[in-house]
J.: 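Provided herewith is a single structure, encoded as structure tokens, for subsequent inquiry.
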There are 2 protein chains.
Amino acid sequence: MTAKPPISALTDHLGYWLRLVSNHVSASFARRLEAEGVAVAEWVVLRVLYDVDALAPSKLAARMGMTRGAISKLADKLVAKGLVDRADDLEDGRAHTLELTKAGRALVPRLAKLADANDRAFFAGLTAKEREGLKRLMERTAAQLGLDDIPVS
Amino acid sequence: MTAKPPISALTDHLGYWLRLVSNHVSASFARRLEAEGVAVAEWVVLRVLYDVDALAPSKLAARMGMTRGAISKLADKLVAKGLVDRADDLEDGRAHTLELTKAGRALVPRLAKLADANDRAFFAGLTAKEREGLKRLMERTAAQLGLDDIPVS
DNA sequence: TATTGTTATACTCTATAACTATA
DNA sequence: TATAGTTATAGAGTATAACAATA
């Protein structure tokens with residue numbers, strides 16, 4: 001007979017429940033974006049560029065917690081789709097900038113609506129007060145831990 | 001001049017904050033497990049087998065939301081590490097079962113402690129009441145949406 | 001020498017689908 | 001014919017490291 005010490009269950013951890021819900025939220029959003037031909041990481045790039053007009057790939061890499069190589073490939077895809085343009089930095093001959101094309105700029109509000117709808121679909125079962133409390137709890141946790149990269153997966 | 005309609009921010013969505021925290025919780029846990037030579041998906045298999053003694057790969061696939069092919073590969077790795085044994089089902093010649101080896105059974109409580117420590121490290125900044133409320137909110141959300149697969153990534 | 005961006009390469013993870021053997 | 005498990009193949013995503021151009 002083998003001893004079987006009592007140990008914590010998978011479901012005992014807060015991380016388990018966060019992961020369960022978060023995985024489904026993200027997978028659902030990825031499917032919605034896929035219908036528009038866009039991957040989640042690509043969406044993040046588009047949404048960031050929408051606010052700043054032009055940004056160096058290295059800045060994007062830092063914000064998204066990815067390598068420059070990965071951003072370069074991501075930019076390739078967005079350029080191929082006609083959503084982003086590369087331009088040379090005028091002051092630093094090594095540097096480039098990425099910016100939205102007209103088509104890219106037009107697409108972002110549409111994708112933002114998908115994000116809104118996805119979030120609503122998942123958290124409609126909570127009251128407005130619960131959603132607000134949950135958001136504040138997550139923001140506080142992120143702040144306490146110093147988490148500030150944009151999640152991409 | 002290009003119009004720039006005001007749209008929702010990435011950080012407006014609950015899904016954003018859940019993903020941010022969840023990604024870090026999972027990545028941190030993955031690093032802890034890696035020091036023991038175990039991947040997250042492998043940990044889930046080990047933890048499930050710890051409770052049930054023996055289980056068919058197809059059952060595992062259903063519970064974890066993965067294909068049978070993926071489970072088969074996962075089992076290969078665990079067998080190679082000496083943590084899991086394959087056995088033939090006595091009643092159905094097609095079926096197999098997976099069960100923990102002695103070494104596997106001895107390892108699981110150690111890994112469970114890593115999971116406990118990881119969860120504590122991330123949510124120590126919340127009060128016990130906040131943690132309890134958060135867990136209940138996530139459980140309720142998962143139940144309302146019918147989410148019951150074990151998250152693996 | 002250090003930095004920016006790109007490219008070449010490799011690795012992990014997983015799905016799809018074909019295959020083997022039972023039922 | 002259908003099912004259980006395995007295997008072969010392919011694709012997505014990302015990291016590492018080497019490279020070219022510029023600072």
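The basis for the numbers below is simple: all heavy atoms, side chains too, and nothing from hydrogens, waters or symmetry mates. To find a chain, count down the sequence lines: A is the first, B the second, and so on, and within it residues start at 1.
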J.: Looking at A:E34, I want to see if its CD is surrounded by more than 12 non-hydrogen atoms of other residues, nucleotides or ligands under 6.0 Å.
T.: no
J.: Find which nucleotide of DNA chain D each of B:T97 and A:E91 is nearest to by heavy atoms, and output the residue with the more 5' nucleotide.
T.: B:T97
J.: Summarise protein proximity over nucleotides 9-14 of chain D in one line of letters, 5' to 3': B for base, S for sugar-phosphate only, - for none, counting protein heavy atoms closer than 4.0 Å.
T.: B---SB
J.: Between A:R19 and B:V25, is there a side-chain heavy-atom distance shorter than 4.5 Å?
T.: no
J.: Quick check: do A:L111 and A:E36 have side-chain heavy atoms less than 4.5 Å from each other?
T.: yes
J.: Please check the phosphate of D:dG5 (OP1 and OP2 only) for any side-chain N or O of B:S58 closer than 4.0 Å.
T.: yes
J.: Give a yes or no on this: more than 12 heavy atoms of other residues, nucleotides or ligands lie within 6.0 Å of atom CZ of A:R86.
T.: yes
J.: Taking CZ from B:R31 and C1' from C:dT12, how many angstroms apart are they, rounded to a whole number?
T.: 17 Å
J.: A:D76 side chain: which of D:dG5, C:dT7, D:dT3 is closest?
T.: C:dT7
J.: Between A:I71 (CD1) and D:dT16 (C1'), how many Å, whole number?
T.: 16 Å
J.: Which is true for B:G93 with a 4.0 Å heavy-atom rule: it touches a base, it touches only sugar-phosphate, or it touches nothing?
T.: sugar-phosphate
J.: Using whole Å, report how far CG of B:D88 lies from P of C:dT22.
T.: 9 Å
J.: Roughly how far, to the nearest 0.5 Å, is CZ of A:R140 from CG of B:L126?
T.: 5.5 Å
J.: Which atoms form the tightest heavy-atom contact between A:A121 and B:L145, and what is the distance?
T.: O-CD2, 4.1 Å
J.: Using a heavy-atom cut-off of under 4.0 Å over every strand shown, decide if B:A75 touches base, sugar-phosphate, or nothing.
T.: nothing
J.: Do A:L33 and A:F29 have side chains that get closer than 4.5 Å, going by heavy atoms?
T.: yes
J.: Calculate the interatomic distance between A:L78 atom CG and C:dG5 atom P; express it in whole Å.
T.: 16 Å
J.: Rounded to the nearest Å, what distance is computed from the NZ atom of residue A:K59 to the C1' atom of nucleotide C:dG5?
T.: 14 Å
J.: Does a side-chain N or O of B:H96 approach OP1 or OP2 of D:dT6 to a distance below 4.0 Å, or not?
T.: yes
J.: How long is the gap from OG1 on B:T97 to CG on B:D88, to the nearest 0.5 Å?
T.: 8.0 Å
J.: End-to-end bend of the helix from C:dT1-D:dA23 to C:dA23-D:dT1 (five-pair axes, 10° rounding)?
T.: 20°
J.: Report which part of the nucleic acid B:D92 touches: base, sugar-phosphate, or nothing (heavy-atom distance under 4.0 Å, all strands).
T.: sugar-phosphate
J.: Mind calculating the distance between CG (B:D89) and P (C:dA21) to the nearest angstrom?
T.: 18 Å
J.: Within this structure, what is the CG-to-P distance between A:L98 and C:dT6, rounded to whole angstrom?
T.: 7 Å
J.: Any Lys/Arg nitrogen of B:D12 or A:K135 sitting under 4.0 Å from an Asp/Glu carboxylate oxygen of the other?
T.: no
J.: Taking OP1 and OP2 of C:dA17, is either one under 4.0 Å from a side-chain nitrogen or oxygen of B:R68?
T.: no
J.: Say you draw a straight line from CG of A:L14 to CZ of B:F123; how long is it, rounded to the nearest 0.5 Å?
T.: 4.5 Å
J.: Which whole-number value in Å describes the distance from B:R94 CZ to D:dA2 P?
T.: 13 Å
